[in-house]
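This report concerns only the one structure given below.
Chain naming here is simple, since letters A, B, ... match the order of the sequence lines and numbering starts at 1 in each. In this text, all values refer to a predicted model and were calculated from it rather than measured experimentally.
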Amino acid sequence: MDQGLISVDKWGQPSQAYFLTHLHADHTQGLSRRWKKGPLFCSPITRKLFPATFPGFDLSLLRVLEIGSTSSIRLVSETSRKEILVEVTTIDANHCPGAVMYLFQGEFGSFLFTGDFRWDAESQRGQQGKDVLMNALNGRKLDFLYIDNTYCNPSFCFPPRAIAAKQVVDIIASHPLHDIIISISNLGKEDLLVHVAHALNIKIWVWPERLQTMHLLGYGDIFTKDTGLTRVRAVPRYNCTIDTLVTLNTVKGPTIGIIPSGLPWGICSKNKQKQGQRICIDKSQLADNSSSARMLHQYLYCISYSDHSCFNEIQELITILRPTRMRGIVSSSFCYVNPVRYFGQLCGTNQNNDPSSSTSTSEVKDVEVRQADSFSGWDVFHRETETSATAANLSYRSVKRRRVSQLRRERSGAKIAYTDDDN
DNA sequence: GCGATCAGAT
DNA sequence: CACATCTGATCGC
């Protein structure tokens, strides 16, 4: 029987070593402050953010892996009791602060888990990541690639974030008398906000918990929780709605919203009972990838600023690696496409994947039936008797859990993030 | 009361 | 249809 050795972004089942790619909630489902199943490997920045995300967590479980480094981890086969040496290389994913890829190499073969990643064309951090990756592989074949396929569809084509950030600055600068709200989540898009702050020589308001994160990341001077100091506020995404903007324009003054996102947002009517409009995914927007800055509404702009790689960037990584096998880590995307569909032919005769189905290998067949679910975590099991890619047996558990309760209460201040009465 | 989980929202 | 996250409800301890 195969045994659980390594888990990546997967926390429910026994494993000898757990790896966290980044701290977004869909990669930490199953983690909690009481979790203590084993050593948890992460990047230095994730380590720094961890206590605020999971207060009370036993921090002695954390093992920090420096970005660009390769570490040896000794695990033990529970079937043969033999020692298994795992070499793990930690690579900058350039997705959100602390986000990394993990490359595992050993007698079992080589596996790359990209986690969520954005390697913008011509970006320095992306190039450094590629260099670290290729140096670590040192000419060896990659047996299995688990890749961020969020935007694995040729319709998705967005500019490097540096370009999109300029567009955000331009929109703000062309509304000199407006208040601005920019939608962000709990982690990510700091580079955009820092760029805006520097370009326009202003501070940016964030909600109190987010300000704490900014301080941990070393951006304390740029952000404030005093609304009197700036006209630009970064708010949780669920507060950047048409309703909110209409209300702000009515009761406060001219305000526009900016959604930095790679998704094809559009406007749709609300359901019959309710009046007004809401933001939703609009597939027809996919046809028009000529403009990466779009006015969705009188008060709302959408900029194609994405922390996930677009199609061409996914293609570039797969072309470099030509893995023997691969899978996407995201299956909940509304336009989910198995990367094999587009890139299987790049990966040689051993790929053995039927383009019309997601995979043809028995090892992962049970995974496929849950493709409609959301998942992002993986277990790597080692099969002692085989050596190549087929030595890896994989499973995942589809979960979409929410952290609630105390964390919820602690963060409830966020819901008045767009008012000015919470200093 | 708290954590886990689900339904539903943007 | 949602990059990730929030709210509310329920259930069992």
Side-chain angles (χ1 to χ4, degrees), chain A residues 9 11-12 21-35 53-56 93 95-96 99 115-118 148-153 155-156 158 161 164 181 183-189 192 207 209-210 213 235-245 257 259-268 270-271 274 276-286 296-297 300 302-310 314 328-337 371-374 376 397-418:
Chain A
D9 293 347
W11 313 101
T21 60
H22 64 292
L23 274 170
H24 279 155
D26 56 331
H27 293 256
T28 61
Q29 13 174 292
L31 261 187
S32 69
R33 65 187 72 193
R34 288 203 236 289
W35 186 96
T53 309
F54 296 104
H95 167 66
C96 69
D116 291 346
F117 81 102
R118 178 86 201 265
D148 176 10
N149 59 314
T150 303
Y151 292 125
C152 188
N153 182 309
S155 302
F156 289 115
F158 13 81
R161 281 172 290 194
I181 61 174
S183 72
I184 60 170
S185 57
N186 287 355
L187 189 62
K189 304 211 161 67
L192 169 63
W207 62 99
E209 294 83 357
R210 199 62 162 89
T213 302
V235 304
R237 183 174 39 194
Y238 57 91
N239 276 335
C240 191
T241 64
I242 303 289
D243 279 352
T244 299
L245 285 162
I259 300 176
S261 169
L263 285 169
W265 294 107
I267 299 289
C268 23
K270 282 189 170 175
N271 57 35
K274 293 184 179 177
Q277 298 170 309
R278 65 184 181 86
I279 307 160
C280 63
I281 296 296
D282 178 2
K283 271 190 173 177
S284 70
Q285 299 291 344
L286 283 173
L296 293 189
H297 177 273
L300 188 59
C302 185
I303 307 293
S304 297
Y305 185 104
S306 172
D307 285 331
H308 296 268
S309 290
C310 66
I314 293 170
I329 62 169
V330 177
S331 66
S332 64
S333 176
F334 72 96
C335 65
Y336 171 78
V337 175
Q371 205 170 70
D373 296 334
S374 166
S376 58
R397 199 164 67 93
S398 171
V399 281
K400 194 146 196 168
R401 235 179 279 158
R402 286 87 185 160
R403 262 183 302 130
V404 285
S405 212
Q406 185 157 353
L407 278 177
R408 174 192 297 182
R409 285 190 299 281
E410 286 167 358
R411 292 173 180 176
S412 61
K415 76 176 165 191
I416 51 170
Y418 53 84

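At a cut-off of 3.5 Å, with distance as the only test, no side-chain donor of A/Thr244 or A/Asn239 sits close to an acceptor on the other residue.
Nucleic acid contact for A/Asp282: none, since no nucleic acid atom lies under 4.0 Å from a heavy atom of the residue. Among the atoms of the strands shown, base atoms are found under 4.0 Å from some heavy atom of A/Ser261.
The nearest pair of heavy atoms linking A/Cys96 to A/Leu187 is SG-CD2, 3.8 Å.
Side chain of A/Thr28 to main chain of A/Leu23: no donor-acceptor pair is present (N/O by atom type, distance under 3.5 Å, no hydrogens or angles).
Checked against salt bridge (charged side-chain N to carboxylate O under 4.0 Å, His left out), A/Asp307 has the following partners two or more places apart in sequence or in another chain: A/Arg161, A/Lys189. Partners of A/Ser183 under the side-chain hydrogen bond (donor to acceptor under 3.5 Å, both in side chains) rule, at least two apart in sequence or in another chain, do not exist in this structure.
Nucleotide B/dT10 holds its C1' atom 16 Å from the CG atom of A/Asp26, rounded to whole Å. Atom P of nucleotide C/dT5 and atom CZ of A/Arg210 are separated by 9 Å, given to the nearest angstrom. Between the CZ atom of A/Phe54 and the P atom of B/dG3 there is a distance of 13 Å, rounded to whole Å. Atom-to-atom, CH2 of A/Trp207 to C1' of C/dC6 comes out at 11 Å; the value is rounded to the nearest Å. To the nearest angstrom, C1' of B/dT10 lies 12 Å from CG of A/Leu263. Spacing between atom CD1 of A/Ile184 and atom P of C/dC6 amounts to 11 Å, rounded to whole angstrom units. A straight line from CG of A/Leu31 to C1' of B/dT5 spans 17 Å, rounded to a whole angstrom. If you take CD of A/Gln29 and P of C/dT5, they are 11 Å apart, rounded to a whole angstrom.
The nucleotide whose nearest atom lies closest to any side-chain atom of A/Thr241 is, among B/dT10, B/dG3, C/dT5, B/dT10. Side-chain proximity of A/Ala25 to B/dT10, C/dC1, C/dT5: nearest is C/dT5. Among the nucleotides B/dC2, C/dC1, B/dA4, the one closest to the side chain of A/Arg34 is B/dC2. Comparing C/dC6, C/dC1, B/dG3 by their nearest atom to the side chain of A/Tyr238 picks out C/dC6. Counting only heavy atoms from C-beta on, A/Ile281 has its side chain closest to C/dC1 among B/dA4, C/dC1, C/dC6.
Contact between the side-chain N/O atoms of A/Asn239 and the OP1/OP2 oxygens of C/dC6 is not found at any separation under 4.0 Å.
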